Amino acid sequence: MKKKNQMRRADTVVVLDFETTGLSPTMGDRAIEIGAVLVEEGRVTDRFQELMNPGFRISGFIESYTGITNAMLRNAQPCDEVMDRFANFIQGHNLVAHNASFDRRFLDAELERINRSYTGQFACSMLISRRIYQDAPNHKLESLVRFRHIETDGTFHRALADSEMTAKLWLLILEDIRQRYDISETPFSLLQTVSRTSKTAVHRFLSTR
DNA sequence: TGCCAGGCCCTCTTTAGGGCCTT
């Protein structure tokens with residue numbers, strides 16, 4: 001029983017997604033929305049979603065791309081306050097994001113500003129999808145949602161909606177690996193290894209588990 | 001108005017270049 005509970009804790013992840021003013025925190029870009037879901041034992045048990053005011057006007061492109069407007073951000077709380085609460089939300093959990101290198105850069109940059117940190121490790125649903133779903137048309141989140149017939153209300157490029165869909169994709173990836181390779185457990189460390197294994201070697205790796 | 005970065009991965013590769021993905 002103890003071993004089973006330990007495995008369950010290892011399977012707990014926070015799936016997160018940032019909307020931002022651009023692509024690079026080192027070029028001055030900031031977060032404008034964070035969305036995240038806590039996934040425990042195969043289902044979403046908690047959610048986090050907040051807009052945040054970056055302290056400057058966002059571009060028309062970002063308004064159009066995300067649907068988040070300057071008017072919506074005018075009365076939002078500053079990034080520092082929102083990210084302080086988000087640091088509490090992710091405390092102690094491993095993290096998942098689609099193209100995780102992007103979200104990790106913004107998470108690191110925003111938390112560094114407020115002298116907060118996190119202990120969890122990242123896994124990337126995009127890198128794993130490239131290995132597990134090699135016949136997908138491409139590996140954009142929206143395309144994978146269609147490819148795996150994931151239910152959606154049609155909202156994309158908003159933080160909570162994208163994190164919810166990434167969480168559903170994550171759970172399908174785990175289920176597909178279990179079924180395809182007859183594996184009973186898919187701990188976080190296994191998925192991290194999959195994301196680092198070459199596309200040509202990943203089938204052999206999982207077949208020998 | 002239009003552009004910016006960075007990690008991963010493939011190939012016509014590794015003394016490089018370019019596409020994919022994220023906003």
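Heavy-atom basis, side chains included; hydrogens, waters and symmetry copies ignored. Each chain gets a letter, A, B and so on, in the order its sequence line appears, and its residues count up from 1. Remember, it's a predicted structure, so these values are computed and weren't measured experimentally.
- Residue A/N99 contributes atom CG, which lies 9 Å from atom C1' of B/dC8 at whole-angstrom precision.
- Across B/dG19 and B/dC12, the matching C1' atoms stand 15 Å from one another, rounded to whole Å.
- Contact between the side-chain N/O atoms of A/H157 and the OP1/OP2 oxygens of B/dT23 is found at a separation under 4.0 Å.
- In this entry the distance linking CD of A/E142 with C1' of B/dT23 reads 14 Å, nearest Å.
- If A/P137 and A/R196 are placed on DNA chain B by their nearest nucleotide, the residue sitting closer to the 5' end is A/R196.
- Counting non-hydrogen atoms under 4.0 angstrom, A/D103 reaches nothing in the nucleic acid.
- Using atom P as the reference point in both B/dG17 and B/dT13, the two lie 12 Å apart (nearest Å).
- Between the CG atom of A/D108 and the P atom of B/dG6 there is a distance of 14 Å, rounded to whole Å.
- With respect to the salt-bridge test (charged N to carboxylate O, under 4.0 angstrom), the residues A/R158 and A/E19 do not qualify.
- B/dT23 and B/dG2: their C1' atoms are spaced 16 Å apart (whole Å).
- Note that CZ of A/R74 and OG1 of A/T69 are 8.0 Å apart. Values are rounded to the nearest 0.5 Å.
- No contact: A/D29 has no heavy atom under 4.0 Å from any strand.
- Looking at A/E151 and A/K168, no side-chain N of the basic residue comes within less than 4.0 Å of a carboxylate O on the acidic one, giving no salt bridge.
- Each of A/S59 and A/M126 was matched to the nucleotide of DNA chain B holding its nearest heavy atom; the match closer to the 5' end belongs to A/S59.
- Using a 4.0 Å heavy-atom distance criterion, A/F61 is classed as a base contact.
- Between A/F18 and A/F86, the two ring planes are perpendicular [angle over 60°; tilted spans 30° to 60°].
- At the heavy-atom level, A/S195 lies under 4.0 Å from the strands shown only through sugar-phosphate atoms.
- Backbone-only contact: A/T66 has heavy atoms under 4.0 Å from sugar-phosphate atoms and none from a base.
- In this entry the distance linking CG of A/L144 with P of B/dC21 reads 8 Å, nearest Å.
- Atom CG of A/L73 is separated from atom C1' of B/dT23 by 13 Å (rounded to the nearest Å).
- Distance from the side chain of A/L127 is smallest for B/dC8 among the nucleotides B/dT23, B/dC21, B/dC8.
- Atom C1' of B/dC8 sits at a distance of 16 Å from the matching atom of B/dT14, rounded to the whole Å.
- A salt bridge does not link A/D80 with A/R113: none of the charged nitrogens is closer than 4.0 Å to a carboxylate oxygen.
- Atom P of B/dC4 sits at a distance of 25 Å from the matching atom of B/dC10, rounded to the whole Å.
- Across B/dG6, B/dC4, B/dT23, the shortest atom-to-atom separation from the side chain of A/Y65 is found for B/dT23.
- Counting non-hydrogen atoms under 4.0 angstrom, A/I32 reaches nothing in the nucleic acid.
- A straight line from CE of A/M165 to P of B/dT22 spans 11 Å, rounded to a whole angstrom.
- Using modelled atom types, no side-chain atom of A/H98 and backbone atom of A/D162 make a donor-acceptor pair closer than 3.5 Å.
- Phosphate contact (OP1/OP2 of B/dC20, side-chain N/O of A/H139, threshold under 4.0 Å): absent.
- As a whole-Å value, the separation of A/L23 CG from B/dC3 C1' is 10 Å.
- Remark: P of B/dT23 and CG of A/L16 are 12 Å apart, rounded to the nearest angstrom.
- Picking from B/dA5, B/dT23, B/dC21 the nucleotide with the shortest atom distance to the side chain of A/S24 gives B/dA5.
- B/dG7 and B/dC3 have their P atoms separated by 23 Å, given to the nearest Å.
- For A/H98, counting side-chain heavy atoms from C-beta on, the closest listed nucleotide (B/dA5, B/dT23, B/dC21) is B/dC21.
- Aromatic ring pairs are classed by plane angle as parallel below 30°, tilted from 30° to 60° and perpendicular above 60°; the pair A/F122 and A/Y118 is perpendicular.
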